Structures are given as C-alpha cells and as structure tokens.
> 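The structure follows.
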Amino acid sequence: TGKSRKIDEQLYEELEEALIGADLNIHTTIRIMRDLRDQVRDQDARTADDVKDILRNALVEAMVAGDEGYFSPLKQSPTAPTVYLVVGVNGVGKTTSIAKMAYRFKEAGHKVVLAAADTFRAAAIDQIQIWGDRLGVTVVCGKEGSDPASVVFDAIRHARAAGADYVICDTAGRLHTKQNLMEELKKINRVILRERGGGPADETLLVLDATTGQNAILQAQEFKKAVDISGIILAKLDGTARGGIVITIKDELKVPIKLIGTGEKPEDMEAFEPHTFVKGIFE
Amino acid sequence: SLSEKLQSAFARLGGRGVLSEEVVDKALHEVQLALLEADVNYRVVKGFIARVRERATGSDILKGLEPAQQVIKIVDEELTALLGGDDEATKLVFAPKPPTIIMLVGLQGSGKTTHAGKLAAFVRKQGRNPILVACDVYRPAAIKQLEIVGEQVKTPVFTKGDQIDPVDIAQEAVAEASTSGRDVVIIDTAGRLQIDDALMDELKRMKAAVKPTQILLVLDAMTGQEAVNVAKGFTDSLDVDGFILTKFDSDTRGGAALSLKTIANKPIKFIGVGEKMDALEAFHPDRMASRILG
Ligand SMILES: Nc1nc2c(ncn2[C@@H]2O[C@H](COP(=O)(O)OP(=O)(O)OP(=O)(O)O)[C@@H](O)[C@H]2O)c(=O)[nH]1
Ligand SMILES: Nc1nc2c(ncn2[C@@H]2O[C@H](COP(=O)(O)OP(=O)(O)OP(=O)(O)O)[C@@H](O)[C@H]2O)c(=O)[nH]1
Ligand SMILES: [Mg+2]
Ligand SMILES: [Mg+2]
C-alpha cells in the first residue's frame, strides 16, 4: 500500500508514466519530476504516499501560480451586456459549451443572448437555434454564408436594446494554421472592440478538447496571438483523457482554465478547480 | 527537426564502421522525445525504441552516412514499416453482393458526419450509388447537418427522424437500399465515449442487426495519449475494420496513427484533410513517418 510502500525508481517511473499518459508535455514532465526528486529529498519524504502528495501539490501550484486564488471566475462587465467570445478548432465543443453557459446564467435569473456567428458549417445555425429554443434564450442569426462579424454586431446591438445581461458569441471551428480563418476571427474581434469602445470581449474563451494531445499548445499559442485568449474551457473531461496539456499552457502562456465540460447536457459544466483536476490525473 | 537535432548532437562523433551502444542511446533519447512530442503513446514509444535499439546497435554504418543519419534511417524505416504494411488492407472493402454497408463510429466531434459525406463522394466517383443514413438521433440538428452534407455530395439521406431507435433506422435503411439499387450504405452514428456502456451497446446491436461490411473508427489526428484506449475500447466492442484519421490539415504531428497501428493493428484507410467533401486522401505510411518524427 502507498502508506508503507518505499520510494524507489519504479515509483518515479510510474509517476512519470501517469503524467505523460495524462498528456502533460514531456518537457514539463521532465522538469516536474526533477523538482519532485529535489523536494522529496528536501522534505525527507518517507513513503510513496508522501511523494504523491508532494507531486499533487506541485501540480496544483503550477495551475494557480500567479493567480489570486484557486478559482478563476468569468469576468463580468460593469455595464451590461457582458460579452463573451468563444473560439477554437473544429469539433472541440464550442457550441455545446455556449449552451451550457447560457443554461447556467438563465438558471441564475439572467437574460442571455446568443450570437449564431458560425455562418459556415452545415446546420451550425440550426444547432444553436435548437439550444436557444430549449433553454429559452434569444439567438441572433444572419443568413448562412453571411459575415460572422455582422452577426456579432447585430447580437450586441440587440442585447443592449433588450437589456440583456450576457451576449455569448459562437464562432465556426477553425484550424489555427489557416491564416484566412484566423484573419476572419480578428475581424470579428475588431467589431467587438469597436462596439465596446476599444475594449475586448469580457472573456475570449478558447475551447480545448480534453482528448487533444500536444497540438493544444500550438492551438493556444496561435489563438492567443490572434485574439488574446483570456480563459480556457476544457471540454469532454467526462471521457478517459485527463487534459494534462493545460498545465503546460497555464505555465507557459499564463492563460487560466475557467470552466470544464463533463458531458453533453446543459448541466454538464463546472468551474475549473485545480485540486479536483489534479486528482483526476492520477485516477 | 529531429534530423537537425541529431546532427548537432553527433557533430563531433566521427563515423566509425559500426554504431556503438553509446551513439545509439544518445540518438534514441532524442527520438523518444520527438515521438512523445508527436503524441505517440508512452508504451508504444518504449516498445518502438527497444526495437530500434536492438536493430541499430552494432549495425554497420552505411558508406557515406554519418552515425546520426544511420540511426534516423533505421528509425524512419521501422516507423514506415509499422505504419504501412499491407497495401491492400488500406483500401475500402466492398461486399461481394451489394449493398456494401459502412458504419462510422467514434468520439464526439471527431468528424464522422463530415466523413460520411466524403465517403459518399468518394464511392460516387467510382461509379457506385451510395445512400447516407442518419443514425444520430441525439445531437441537435445532426440529421439536418447530414442532409445538407448529402446535398453537397448529391447523395440521398435516409432518415426516420430523431424519435426512433438508431438500430431500427439502420435496419430499415439497409432493407430499403437493397430494393432501390443503392449499392453502398453509409451509416453516420452519434459521437460517444468508448466507456459509455449503453451507447457502446447500441453500436453492438446495430452491428448485429445490419452486419456491416466495414466498421470504421473516425479519430481526430490531434488525439493524444488516449488514442490507444479509445481505439481499444471501440475495437474490443466492435472489432473495427479500420480507421479514418481526420483534421490532418492541421499541424498536429499525428502520433496517434502509430499508436493505432501498433495496438489495434488495423489499417488506416483514409485521412481527412479539410472540411470540404473532396478533402479525403489515402494514407501514406512514408509521409506519415516523417511527419511524426518532425
Ligand atoms: N462527452 C462530451 N461531449 C461533449 C462535450 N462538449 C461537447 N460535446 C460533444 O462534442 C460534439 C461537438 O460539439 P460542438 O459543440 O458541436 O463542437 P463545436 O466546437 O461547436 O464544433 P464545430 O462548430 O463544428 O467546430 C457534440 O457531439 C457535443 O455533444 C463534453 O463536455 N463531453
Ligand atoms: N479542418 C478539418 N475539419 C474537419 C475535418 N473533418 C471534420 N472537420 C470539422 O470538424 C467539425 C466536427 O465534424 P463533424 O463531422 O460534425 O463531427 P462528428 O464526429 O460528426 O461530431 P458528433 O456527431 O458530434 O460526434 C466540423 O466543424 C467539421 O467541419 C477535417 O478533416 N479537417
Ligand atoms: Mg459549433
Ligand atoms: Mg455527427
């Protein structure tokens, strides 16, 4: 048992394998394992359980370094409406995550408007409209093939006029390697900047799929360059993937994880909590 | 790139007849890092490195090659061999007596609906007569999405709406196809987790009911370490016939491909390289090997 198991090379190998298996970046893992050995020596740890505790604390520290606390709540605008822009590569869970956020805000008594700014993908507008109907929130659309930036513009104007508390903008999935699509995203962002007197959206949220490996780092880097990501939504954590790559992303890009997706229903979203997340890495 | 890293690591080692253990260890350390950065599964990497180490240590350095180049040559050959193998197996298998039934399965958002359309376009080019079947009754507007895709590839979509058991929809579609001259039935299913017993059961029931010619696991090329468990889950439940790796137009290294081949030992039939209906390519092991190595 961990209580009496001694500390040996096999233990370190198992822990390293657990980290890599959780999709932590290999260089982050090497550094964490090196620091772990130092700390085990410095703290005179005796058992395997001691070592695991030290490692778990180190991982939690990596997740919250530079933050004010353990939670990273969504920013709110001092003057309504609060505007959120949701971005990410194809199929990661943007539209569904927006439905979940809308559900949560509606349950709390707020008025929500959704911008159906994915004007490209087949039935993308239909998909978010169905969510709007189910949740009882307004969805502002343009025609399919229309300019996404103008849909966002319309949605913000509509939200102001209707006294809505939140506008959440859905965008088409796009690979960060497609320059024209990243330019389109910057254009959407410029519309938001203009509509809010020079300020960006209150949150620009990058949705990452927990099953994604090292490419998530490149996604975060490129999206951050294009539209200064303020937070990450880590979706599909109800699967077997652990999403450990976000530790590297937080560490290197300083972008906080704000929310996690744990299923396909509107209720399946939680605030990101580092201790629970780290615990999940070792389960 | 890996070859640049190795060249600089070995810049001062002269070529000397055979690859020493020391040279091989040093080189394989870099290769191991490269493979992990490429999302190849940890265990698969270990096994692969052990194989290469065995083959490389003591092997003759070919005339005109630096030691580093020799190691890379061996790594590349081993990787290509692992990824490739039987050329015939990578082709789509058609039923001796129509209709050919293709079932697409996979995790949420991997690209099933999109690739159902691409496959329809692909077989139409071969002069076949496909029909698409809408068996995702859960995701909002999934049926509408497949219908729009169907229009794009001039292929009819069989649907019974979203209130009917997907297994019944699949059965009726196959029965109808047989009487209406449709010789390829492409079934789009809902995304699901391989650990969702109820939904995996649904697929098992569908397989038993329609006896597909091909069950293809559609997997995102940017999948990380879990590719092995996902593939295992679907393979254990359904004995899939092969894979379609999607979103290869990204800059993901695609190490999941090696994990799939090593663990599930089923062929990668196609790769998806874009959102349009013509963005479907055959899988090339040699190109994949150099992409994974970086
Ligand atoms: N299990 C699980 N599935 C999820 C989660 N979030 C989203 N999904 C599913 O993932 C699939 C894709 O979700 P979407 O919301 O359409 O993803 P998207 O990023 O908007 O996709 P595109 O607009 O095509 O780029 C759907 O089947 C969702 O139900 C999650 O947290 N857990
Ligand atoms: N760039 C790129 N995008 C792709 C590719 N294949 C699919 N997509 C996109 O990925 C997203 C998800 O594709 P879908 O076909 O809806 O995925 P799915 O597996 O049917 O999703 P679920 O039914 O929710 O499980 C869409 O935005 C597609 O346009 C590909 O090869 N390259
Ligand atoms: Mg979407
Ligand atoms: Mg689908």
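Protein chains get the first letters and strands the later ones, always in sequence-line order, with residue 1 at the start of each. Only a predicted model underlies this, so the values are computations on that prediction, with no experimental measurement involved.
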> So B:Met222 and A:Val89, side chain to side chain contact (heavy atoms under 4.5 Å, CB included) or not? Walk me through it.
CA-CA 11 Å; B:Met222 60 185 181; A:Val89 304; 3.6 Å; yes

> With a 4.5 angstrom heavy-atom cut-off, could you sort out which part of B:Leu146 is near chain A: side chain, backbone, both or neither?
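Contact with chain A is absent: no heavy atom of B:Leu146 under 4.5 Å.
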
> State, with a plain yes or no, whether a side-chain heavy atom of A:Gln214 is found less than 4.5 Å away from one of B:Arg253.
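A:Gln214 vs B:Arg253: side chains apart.
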
> Checking B:Lys144 side chain against A:Asp126 main chain: does a donor-acceptor pair fall under 3.5 Å?
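Flag not set: sc B:Lys144 to bb A:Asp126 has no pair under 3.5 Å.
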
> Report which part of B:Glu151 has an atom under 4.5 Å of a heavy atom belonging to chain A: side chain, backbone, both, or neither.
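For B:Glu151, no heavy atom lies under 4.5 Å from chain A.
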
> Distance from B:Asp39 atom CG to A:Thr212 atom OG1, nearest 0.5 Å?
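Answer rounded to 0.5 Å: 8.5 Å.
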
> Give the member of B:Thr114, B:Thr113, B:Asp220, B:Thr223 that has the highest number of heavy-atom pairs under 4.5 Å with chain A.
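Most pairs with chain A among the choices: B:Thr223.
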
> Among A:Gln127, A:Glu16, A:Glu17, A:His176, who wins on heavy-atom pairs under 4.5 Å with chain B?
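Of A:Gln127, A:Glu16, A:Glu17, A:His176, A:Glu17 has the most heavy-atom pairs under 4.5 Å with chain B.
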
> In terms of heavy-atom pairs under 4.5 Å, which option from B:Pro140, B:Ala221, B:Gly109 contacts chain A the most?
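The option with the most such pairs is B:Pro140.
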
> Using a heavy-atom distance cut-off of less than 4.5 Å, which residues of residues 191-198 of chain B contact chain A?
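The list, in residue order, reads B:Gly191, B:Leu193, B:Gln194, B:Ile195.
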
> Using a 4.5 angstrom heavy-atom cutoff, name the option from B:Leu36, B:Val149, B:Ile143 with the most pairs to chain A.
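Maximum pair count with chain A is reached by B:Leu36.
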
> Measuring from B:Arg139:CZ to A:Ile130:CD1, what's the distance to the nearest 0.5 Å?
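Atom-to-atom, B:Arg139:CZ and A:Ile130:CD1 are 10.0 Å apart.
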
> Using side-chain hydrogen bond (donor to acceptor under 3.5 Å, both in side chains), reason through B:Glu226 and A:Thr240 one step at a time and then give a plain yes or no.
CA-CA 7 Å; B:Glu226 276 308 297; A:Thr240 51; 2.6 Å; yes

